[in-house]
Amino acid sequence: MASKRDYYEVLGVSKGADANEIKRAYRKKAKQYHPDINKEPDAEEKFKEVQEAYDVLSDDNKRAAYDRYGHAAFEQGAGGAGAGGFGGFGFDDVDLGDIFGSFFGGGGSRRQRQSGPRRGDDHLMHLNVDFMEAIKGVKKEIKVTYDAQCPHCHGSGAKTPNDVQTCSYCNGTGTVSQKQQSPFGTFVTQTTCPHCNGTGKEIKVKCPDCGGKGYVTKTVNVELDVPAGINDGQQLRVAGKGGRGTNGGSNGDLFVEIHIKNNTEFVREGKNIYLTVPISSIDATLGCEIDVPTVQGDVTVKIAPGTQSGTTLRLKGKGVKNVRGSDYGDQFLKIEVKIPTKLSSKEKELYEQLRHVQGKKGSIFDTFKKQFKK
């Protein structure tokens with residue numbers, strides 16, 4: 001069996017990384033290897049590896065145990081902690097479950113939590129939206145498949161409440177203990193009860209609706225409200241549509257990560273919009289009024305006489321709505337003066353006349369050249 005990689009290496013962070021660094025690294029890696037995006041054969045395994053690493057390093061108690069004992073801290077029954085982590089201390093009849101449980105908030109409560117209700121995992125999906133849909137907001141209908149609590153047995157898996165009994169194999173603890181002899185004494189390890197799969201319960205008569213599973217798989221259409229001004233990579237939460245809970249625990253949530261398609265003309269940076277506007281050399285010289293497209297609709301803009309190519313104009317409040325407020329960003333116009341490459345005979349004649357007039361007072365180049373004769 002291949003050895004596990006170091007959890008810090010999996011997330012690409014240092015051992016001194018704080019909680020925020022670990023969270024950012026997890027999101028980046030989870031997005032990189034999510035099977036919905038990454039179609040490489042080993043993507044799913046890497047995604048699970050990232051999830052496992054984050055589960056440990058995001059929990060202060062688990063992280064402390066990992067930093068001290070490495071992967072052996074979570075390999076009960078493998079002899080890892082007994083052989084290396086606790087060797088030489090002469091423990092006799094030690095319950096490793098209680099030792100490890102002390103890192104997770106108390107050994108005594110650990111057994112209760114294992115057989116008690118546990119919330120399901122959160123799930124992640126991705127949704128593409130058009131550029132203008134993200135600007136203005138949109139309602140999207142998404143199809144979600146999830147495991148819902150069985151309405152007949154309310155998650156117990158039994159036909160009636162009287163059909164649920166305490167597991168006779170583990171006496172309701174959800175775990176069974178095993179003693180192992182070592183040169184350092186007798187060690188007790190705990191494993192999940194194979195009879196009740198850790199629930200601590202036995203079912204005499206299974207629920208006819210779910211077949212004893214306690215849940216039914218549903219596919220539903222959910223209307224997702226994508227707010228105006230949402231940014232690329234932001235996530236929306238759909239409560240209760242994630243992984244199913246165990247032992248009557250609630251479902252996790254579904255998080256929908258938004259990905260915005262690029263626009264060929266508008267460029268978005270946060271709340272601001274940037275647009276390059278072409279005008280003719282005549283309009284730049286004489287000035288004009290033009291109707292400019294913005295993400296909020298067309299706006300009439302005055303171009304001052306003598307406007308140079310590269311000039312930037314600001315249209316206040318014509319950008320993107322703040323997704324967390326009511327204010328708007330701005331739109332910036334970059335003026336690009338276009339020089340004609342083909343002229344009609346009439347246009348050429350007029351340009352020649354203009355050059356003749358300009359020649360009497362000296363051309364722009366003549367003025368430039370005089371600077372070198374000083």
Side-chain angles (χ1 to χ4, degrees), residues 4 7 10-11 19 22-39 42-59 61-63 74 104-105 110 112-127 140-158 174-175 192-194 196-201 203 206-207 209-224 233-259:
K4 288 187 177 183
Y7 286 149
V10 170
L11 295 184
I22 289 172
K23 189 172 185 179
R24 285 196 299 269
Y26 162 69
R27 286 184 173 178
K28 182 179 179 181
K29 293 287 186 180
K31 182 177 178 181
Q32 179 182 353
Y33 294 119
H34 197 284
D36 290 346
I37 296 177
N38 193 324
K39 300 304 180 184
D42 61 345
E44 185 173 354
E45 286 303 316
K46 287 184 178 179
F47 181 74
K48 289 179 181 178
E49 184 182 42
V50 168
Q51 292 277 20
E52 180 180 326
Y54 180 68
D55 179 63
V56 171
L57 298 185
S58 64
D59 185 296
N61 292 323
K62 291 182 182 180
R63 184 177 179 182
F74 312 105
F104 307 138
R110 184 173 176 270
Q112 296 175 1
R113 286 202 303 273
Q114 186 165 353
S115 59
R118 285 182 291 177
R119 182 181 181 274
D121 293 332
D122 292 333
H123 286 178
L124 175 70
M125 70 173 291
H126 300 267
L127 179 66
K140 288 281 190 179
E141 194 173 82
I142 58 174
K143 186 171 289 187
V144 178
T145 299
Y146 72 107
D147 293 332
Q149 190 179 80
C150 174
H152 180 83
C153 67
H154 303 291
S156 71
T175 61
T192 300
C193 175
C196 66
N197 293 320
T199 65
K201 301 171 184 176
I203 298 174
K206 293 181 179 180
C207 170
D209 287 8
C210 67
K213 294 185 295 184
Y215 64 90
V216 289
T217 302
K218 288 185 174 181
T219 298
V220 297
N221 291 325
V222 175
E223 188 175 71
L224 192 67
Q234 278 192 287
Q235 296 179 352
L236 302 175
R237 184 173 72 95
V238 182
K241 296 297 186 290
R244 68 174 180 272
T246 54
N247 301 332
S250 61
N251 275 39
D253 297 329
L254 171 66
F255 287 87
V256 182
E257 188 167 290
I258 301 299
H259 297 284

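Note that the coordinates shown come from a computational prediction; the quantities given were computed from them, not determined experimentally.
Qualifying salt bridge (Lys or Arg N to Asp or Glu O under 4.0 Å) partners for Asp55, counting only residues two or more places apart in sequence or in other chains: Lys62. In this view, Leu127 and Val129, Lys140, Ile142, Leu224, Val256, Ile258 satisfy the side-chain contact (heavy atoms from CB on, under 4.5 Å) rule, not counting sequence neighbours. Residues passing the side-chain contact (heavy atoms from CB on, under 4.5 Å) test with Ala53 are Tyr7, Val10, Leu11, sequence neighbours excluded. Qualifying side-chain hydrogen bond (donor to acceptor under 3.5 Å, both in side chains) partners for Asp42, counting only residues two or more places apart in sequence or in other chains: Lys46. Listed by chain and residue number, nothing satisfies the salt bridge (Lys or Arg N to Asp or Glu O under 4.0 Å) test with Glu45 (two or more places apart in sequence, or in another chain). In this structure Asp122 satisfies the side-chain hydrogen bond (donor to acceptor under 3.5 Å, both in side chains) test together with Arg119, sequence neighbours excluded. Looking at residues two or more places apart in sequence or on another chain, you find no side-chain hydrogen bond (donor to acceptor under 3.5 Å, both in side chains) involving Gln32. Residues satisfying the ring-ring contact (aromatic ring centres under 6.0 Å, His included) test with His34, not counting sequence neighbours, are Phe47, His126. With sequence neighbours excluded, the residues that form a side-chain contact (heavy atoms from CB on, under 4.5 Å) with Pro194 are Tyr169, Val176. His152 meets the side-chain contact (heavy atoms from CB on, under 4.5 Å) test with Cys150, Cys207, Pro208, Asp209; sequence neighbours excluded.
Of the inter-residue distances, the one linking Lys201 atom NZ with Cys193 atom SG reads 13.5 Å to the nearest 0.5 angstrom. Note: Asp253 CG to Leu236 CG = 12.5 Å, rounded to the nearest 0.5 Å. Interatomic distance, Phe255 CZ to Arg237 CZ, rounded to the nearest 0.5 Å: 6.0 Å. Note that the CG atom of Asn251 and the CG atom of Asp121 stand 10.5 Å from one another [nearest 0.5 Å]. Rounded to the nearest 0.5 angstrom, Glu257 CD and Gln234 CD are separated by 10.0 Å.
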Donor-acceptor list for residues 23-30 side chains, cut-off 3.5 Å, not counting sequence neighbours:
from	atom 1	to	atom 2	distance (Å)
Tyr26	OH	Gln51	OE1	2.8
Tyr26	OH	Gln51	NE2	3.4

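When every heavy atom of Pro151 is checked against every heavy atom of Val216, the shortest pair comes out as CD-CG2, 4.4 Å. Here the closest heavy-atom approach between residue Cys210 and residue Gly157 is recorded as SG-CA, 4.3 Å. Lys218 and Ala148 get closest at one heavy-atom pair: CD-CB, 3.9 Å.
Remark: Glu44 engages Lys48 in a salt bridge, criterion side-chain N to carboxylate O under 4.0 Å.
Here salt bridge (Lys or Arg N to Asp or Glu O under 4.0 Å) pairs that include residues 143-157, with residues two or more places apart or in two chains, are Asp147-Arg244.
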